[in-house]
Amino acid sequence: MNITEALEQSQPGLVGRVNDAIRKHDLNQRAEQTYLHWISRFVLFHGLKDPDNLATADRQLFLSYLKDRIQLSRARLNQASQALTFFYEDVLGKTPSEQIVAA
């Protein structure tokens with residue numbers, strides 16, 4: 001399974017929505033690749049669950065995993081965090097207070 005297939009399995013049409021949001025913000029191709037990478041890894045980390053059903057705690061669990069287990073650099077950890085913020089706010093249309101969902 002390639003990385004974007006994971007997004008489609010978790011929620012059909014999600015890759016298109018991510019790409020539309022990226023183009024809306026006029027991000028470059030490298031930013032697009034980076035955001036898709038981190039968003040897909042987040043979805044894969046949580047077993048392909050629908051991202052709408054994942055809470056802020058799930059997002060924090062993923063970032064903690066990257067920091068503590070993978071020992072990602074601060075710069076890469078910031079990239080992942082920014083990608084997830086973009087994903088929830090610009091793709092899923094959730095404000096930070098709405099991102100807390102009962103699982």
Report the C-alpha distance between F87 and L14 in whole Å, list the side-chain angles of each, state the deciding distance to 0.1 Å, and finish with yes or no for side chain to side chain contact (heavy atoms under 4.5 Å, CB included).
CA-CA 10 Å; F87 179 57; L14 194 54; 3.9 Å; yes
Determine whether a donor-acceptor pair (N or O, by modelled atom type, separation under 3.5 Å) exists between the side chain of E32 and the backbone of N19.
no
Quick one: does any side-chain atom of K94 pair with a main-chain N or O of D52 as donor and acceptor, under 3.5 Å?
yes
Any donor-acceptor pair under 3.5 Å from D58 side chain to A55 backbone:
yes
Donor-acceptor pair, distance only, cut-off 3.5 Å: does the side chain of Y88 make one with the backbone of P51?
yes
How many angstroms lie between CG in D20 and CG in D90, if you round to the nearest 0.5 Å?
12.0 Å
Does any part of the side chain of L7, heavy atoms only, come nearer than 4.5 Å to the side chain of L36, both counted from C-beta?
yes
Side-chain donor/acceptor of Q79 to backbone N/O of T34, under 3.5 Å:
no
Value rounded to 0.5 Å, distance of CZ in F42 from NZ in K49:
10.0 Å
Determine whether S10 and V43 satisfy the following criterion, side chain to side chain contact (heavy atoms under 4.5 Å, CB included), listing intermediate values before the conclusion.
CA-CA 7 Å; S10 69; V43 169; 3.4 Å; yes
Nearest 0.5 Å, what's the CG-CD distance between D50 and Q9?
12.5 Å
For atom CG of N28, decide whether the heavy atoms of other residues, nucleotides or ligands shown that lie under 6.0 angstrom number more than 12.
yes
Smallest heavy-atom separation, R76 atom then W38 atom, equals NH2-CZ2, 3.6 Å
Could you tell me if the side chain of L66 sits less than 4.5 Å from the side chain of R41, heavy atoms only?
yes
Ring centroids only, cut at 6.0 angstrom: are Y35 and F86 within range, meaning strictly under it?
yes
V91 to R17 - nearest heavy-atom pair and separation
O-NH2, 2.9 Å
Do R23 and V18 pass the side chain to side chain contact (heavy atoms under 4.5 Å, CB included) test, and can you show the C-alpha distance, the side-chain angles, and the key distance before you say yes or no?
CA-CA 9 Å; R23 287 183 183 82; V18 171; over 6 Å; no
Once you round to the nearest 0.5 Å, how far does CG of L84 lie from CZ of R59?
5.5 Å
Donor-acceptor pair, distance only, cut-off 3.5 Å: does the side chain of S81 make one with the backbone of L77?
no
Please check this pair: side chain of H46 against backbone of L54, looking for a donor-acceptor N/O pair closer than 3.5 Å.
no
